Amino acid sequence: MNGCAFCMHMHAGDARKVGVPDEVLDTLAGWREAPWFSERERAALAWTERLTRLSEPMDDSREYDRLATHFTEKERTDLTYVIAMINVWNRFSVGFRREPE
């Protein structure tokens, strides 16, 4: 979501392990135009992008309303928690990644 090649590679590897096809993963960065994603998946991707790219102006209420259409309150809470934890881990770990030797 934030253009981080490391993140895309890591999460794509995890997705492949559970059977997500390469044609879906190959279009993830262009999810808005890709034909593979359901409206529920698009709502989750939009919410993920919103929470990940906080510095960019976006309409929070529009994205949240879209999410609420496709996810229960518990699912929204769980999804938001997971996105937040991944974002914190990614931001925190940047300072501790070692350069390849």
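Heavy-atom basis, side chains included; hydrogens, waters and symmetry copies ignored. Values in this document were obtained by computation on a predicted structure and should not be read as measured data. When a residue number appears, it is its place in the shown sequence, counting from 1.
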Asp22 side chain reached by Leu25 side chain, heavy atoms, under 4.5 Å: yes

Derivation and outcome, side-chain contact (heavy atoms from CB on, under 4.5 Å), residues Glu75 and Arg40: CA-CA 12 Å; Glu75 288 173 325; Arg40 179 179 161 92; 3.2 Å; yes

Candidate pair Val24 and Phe37, rule side-chain contact (heavy atoms from CB on, under 4.5 Å), full reasoning: CA-CA 8 Å; Val24 172; Phe37 303 103; 3.7 Å; yes

Nearest-0.5 Å distance that lies between atom OG1 in Thr52 and atom CG in Leu45: 10.5 Å

Residues Arg32 and Glu49 bridged, charged N to O under 4.0 Å: yes

Backbone N/O of Glu23 and side chain of Trp36: donor-acceptor pair under 3.5 Å: yes

Arg76 side chain to Tyr64 side chain, donor-acceptor N/O pair below 3.5 angstrom: yes

Separation of Thr48 OG1 from Ile83 CD1 (nearest 0.5 Å): 3.0 Å

Nearest atoms (heavy-atom pairs only) where Arg42 meets Glu33: NH1-N, 4.5 Å

Leu67 versus Ala43, closest heavy-atom pair with distance: CD1-O, 3.8 Å

Check: Arg66 and Thr69 side chains under 4.5 Å, non-hydrogen atoms: no

